[in-house]
Amino acid sequence: MAMLQVNDIHSYYGNIHALKGISLTVEQGEIVTLIGANGAGKTTTLKTISGQLHPRHGTITLEGERIDGLPPHEIVTRGIGQSPEGRKIFGALTVYENLEMGAYARTDKPGIARDLDFVFTLFPRLKERAKQLGGTLSGGEQQMLAMGRAMMTHPRVLMLDEPSMGLAPVLVEAIFETIQKLNQEGTTILLIEQNAAKALQVARRGYVIETGQIVLQDSAEKLRQSERVRKAYLGEE
Amino acid sequence: MLSSPEILQTRSATPWLKSAAQIGVIGGIITISIALQGMIQAFSSRDVIYQVVTMSQAAILLTFFVMGYVAAMRLPMRAASSSIGAGAVAGFISSAALVLLIGLGNVVNLGNVFVNATPQLYELLTFKLGLPIGSLALLLAGLGLGALAGAILLLPDSPRRAILTTLAWIVGLGVLQDLIRVTFADWGFLESALRFFYASNGLSLVGALVLSVLIPALAILWDKQAPRAQTRIDRLPAPTQRALRWGSLGFGVVILFLLPALLGLYLSEVLDNVGLYLLMGLGLNIVVGFAGLLDLGYVAFFAIGAYVAGVLTSPEFSTGVIPNWWLALPIAVLASGAFGVLLGIPVLKMRGDYLAIVTLGFGEIIRLLALSDFLKPWIGGAQGIQRIAKPDLPFIQISWGPQAFYYLFLAGCLLVIFVSYRLKSSRLGRAWMAVREDEDVAQAMGINLVATKLKAFGMGALFGGLAGAIFATKLESIYPHSFNFLISINVLCLIIIGGMGSIPGVVVGALALVGLPELLREFAEFRFLFYGIALVVMMLTRPEGLIPEARRAMELEEFREEETEQATAS
C-alpha cells in the first residue's frame, strides 16, 4: 500500500479551478518531487494534501486511510508534516521554542526528546543557536529550522515547499544534501521545487505539473533526459 | 540647479541652523494654537507660582524651553556654541511666531475667525506690559529660555537630570494644586506642609524656592546613592535578597489595600474607573494581544455581563429572581463567555481588517438590541435597568461607596491578572502566540485553529462580562448608551499604549489613559486635547508601547538594528 496516495483531486479557489485532477503516489521511504513553473499548482497541491484546502472531488489517503476532508491539525497528527513556502518560522521565538512548537500536538515526551536529538544531530547549527531568536537567523538557517520544526511533528510523510527558494547556491547545495540525509534516515519526502535540476538529482521519481494537471510522471532519471523537461525546466537547448 | 562652491560652504557651515529653525517653526505653531484655542484666557487666573507665573504663561514659556531643548538635542555633534545657538534660534522663532500673531491681531481683527483672538489675549501674551515692551519681553524670553535649554543640555547627566526633574515637579505641583490639596487635606502633618508650599493660588514663592533647592538636592543624592544601594543589595546573600523582595511585594500589597483610605473619595472613584478599564483591557488583551484577533466590538461582552447581572438581580423584572449579586455574577460571566464563543464562530475565517469591521458590527448590534423596543419587556429598552442589587456580603454591613467598590475591583483585577499570566505561559498561550504569528503555520504545527480562536474569544468575553457585572452593581442602573463604541476603542487604545500582549503594559495603559485624564480635570475642556496629543506623541516616539512584551521589544530592537546596519552599509 502506498504511503501517500492522491487520487484525481480537484481543488478550487472560489470559482477558479486550480487543480484539475491531480494524482500522485509516494511510496514509503522514497523522495518524490513535484516540479513545475510558478502558478502551476504545486503549492495548491500541498495545501490540499495538508487540509488547508478541501478538494471538491477525489480522495487522499495516508496508508490506506482517507484524510481528505479532515481539518489541517488532524492531518498533522495523522503524520503529514510540512515546511511551508517561505519558511515562516516564528521570528519572535527562539530556535528551541520553534522546535517545541513543532511538537505542539504531541504528548509522547520520550519521543519528542528523541526527535529533538535527531534534529540537533542533523542540524548542529540549530543546536549552537538554540537560544537565539528565529528572526535573527540567516536564510539558510531559517530553512533548516523550518525543516527541523516539521520533523518535530514526527511526520510519516514530510512535505517540503520550495526549500531552496531565495538561498545562495552554496546553501542550496547544503539543503539538498540534508534532504537526502533525512531520507536515508527513513523519512518519506514529497519535495516541491522550482529548481528542477536539483530536485531531480535527489528524487527517485518525479511529477511535472502544468496549469493544475500532471503532464509527465516518471523516474527522476528518465525525466532528466526527457526533452520536454530539459527544455522547459532545466534550461537546456 | 547647480550649487556653487560658496553655497555649499555656507550650507555645511550651519547645518544645524536649518533644523533648529524647523523646530522653532513647530514651536511657533504650538504656541499659536495654544493661544488661539483659548487656553491662555482660561488659565490666566490660575497661578503655578503665586503672583509670579500663571499657568498660561507657564505653558508658553515651557514651550520655548522644550523647543530649545529639542533643537539642541537634534544636533549631530554637540559643541557649546551650536547647542546654545540652536536652542536660542528655536526658542526665538517660537516666540517670534507669537509676536507676529500679536502684531497681526492688532492690525486686523482676527476675532471673526478665531473667537479667542481678542485684545485680552494679546494683553496676556505681552505680560500686560503694553505692545512694544511686551513683545520685546516675549522675544527675549524665547531667546533666553531656548538658549538656557541648549545650555542645560550641555551639563553632565546628574545635574541636568536634577534641573529637569525640579522643573517638572514644580510645574506638576503647581498645576495639580487642587487635586493635591483635596487629597492630602486630612493628613495632619502633610497638611501643614502643604500650607507652607501653597499660597491661595498656586505654589507660594517661598515654597517654590525651597522646592527648587530641595528637589535637586534629593535628585543628586538619589543619583549617587541608588546604584550604591543596588550593589549593596546585590551583595546580600540570596535568602536575604529573597526576603527583601517578598518584603517589598508585601509592602506593595499593603499599600494597595490602604489606597482608598489614603487617597480619599475622589481618587478612589478614579481608581475604580481604572480598575474597570483594567478588567476590560486584560480581557481584550487576550483576544488582541495574545491571539492577534483585532476585535473592535469588545463592549458587547461588557454589555452582556452588565445586562445579565442587571436583569437577574433587579426587582423591576419578573426575571429578577436572584436577589444576591454574588449568585448572579457567575451566570453573567458565563453568559458573556458563551456569547464570546458564539460571536466567534461566524468570524473564524476572517483576518485583520475584515475581522475588525465585523466585530465592530457586533458591538453595535448588541447595543441596538439593548435599546430596542422589541426586547423592552425583558431588558428595559431605552429606560435601562434600575435598582440592581449591591454585592452585599452576609454578616458584614458595607456602605457601598467608591472606596468599598475599590476592593471589589482590586479583587477582580488581581484574579484576572493571575489568570492572564497563567494563560500566557500555558499550552493554550503558546497556541495563541502561534496563531497570532501565522495561522497557516499554526495549523501545520497541529494546532486546532477553530478551538484556539474560540477559546480566545471566550476567555476575553469572560473578563469583559466580569467587568460588566461589577459595573452594573456599582452604578445600580444601566442604560444602553453606557455601552457605546467608544468604550471598545478606549480599551483597545490602552492596550496599544501599554504594549500589546504585555500584562504590566495593560496596567500602565489603564492608569495612563483612564487615570490621567481624570487627574487632568483641572484643564477642563482641554483635557481631551492633551489626551490626543499624548497618544500621537506616544505612537511617534514609542510605538511598541510603554511596557512592551519582552519578545516584541526584542523584535523591534533587532529590526531597528538591521535598519541602521542597512543604512550604514548603503
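First the proteins, then the strands, lettered A, B, ... as listed; each starts at 1.
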#### Entry: Point-to-point distance, once rounded to the nearest 0.5 Å, from CD of A:Q82 to CG of B:D440
8.5 Å
### Query
Which pair of non-hydrogen atoms, one from A:G102 and one from B:M445, has the smallest distance, and what is that distance?
CA-SD, 3.6 Å
### Task
Pull out the residues in residues 22-33 of chain A that come under 4.5 Å of chain B, heavy atom to heavy atom, sorted by number.
none
#### Entry: Flag if over 12 foreign heavy atoms under 6.0 Å of CZ, B:R235
no
### Task
Output the residues of residues 149-157 of chain A for which the shortest heavy-atom distance to chain B is under 4.5 Å, in residue-number order; output 'none' if no such residue exists.
A:R149, A:T153
#### Entry: Contacts of residues 57-81 of chain A with chain B (heavy atom under 4.5 Å)
A:P72, A:H73, A:V76
### Task
Take atom OH of B:Y354 as the centre, draw a 6.0 Å sphere, and report whether it contains more than 12 heavy atoms from other residues, nucleotides or ligands.
no
### Query
Side chains of B:M433 and A:M101: closer than 4.5 Å at any heavy-atom pair?
yes
### Task
Could you tell me whether B:F418 atom CZ has more than 12 heavy atoms of other residues or ligands within 6.0 Å of it?
no
### Task
Taking heavy atoms only and a threshold strictly under 4.5 Å, list by residue number the residues of residues 103-127 of chain A that touch chain B; give 'none' if the list is empty.
A:Y104, A:A105
### Query
Is the number of heavy atoms from other residues, nucleotides or ligands under 6.0 Å of A:K47 NZ greater than 12?
no
### Message
For B:F339, is the CZ atom crowded, meaning more than 12 foreign heavy atoms sit under 6.0 Å from it?
### Response
no
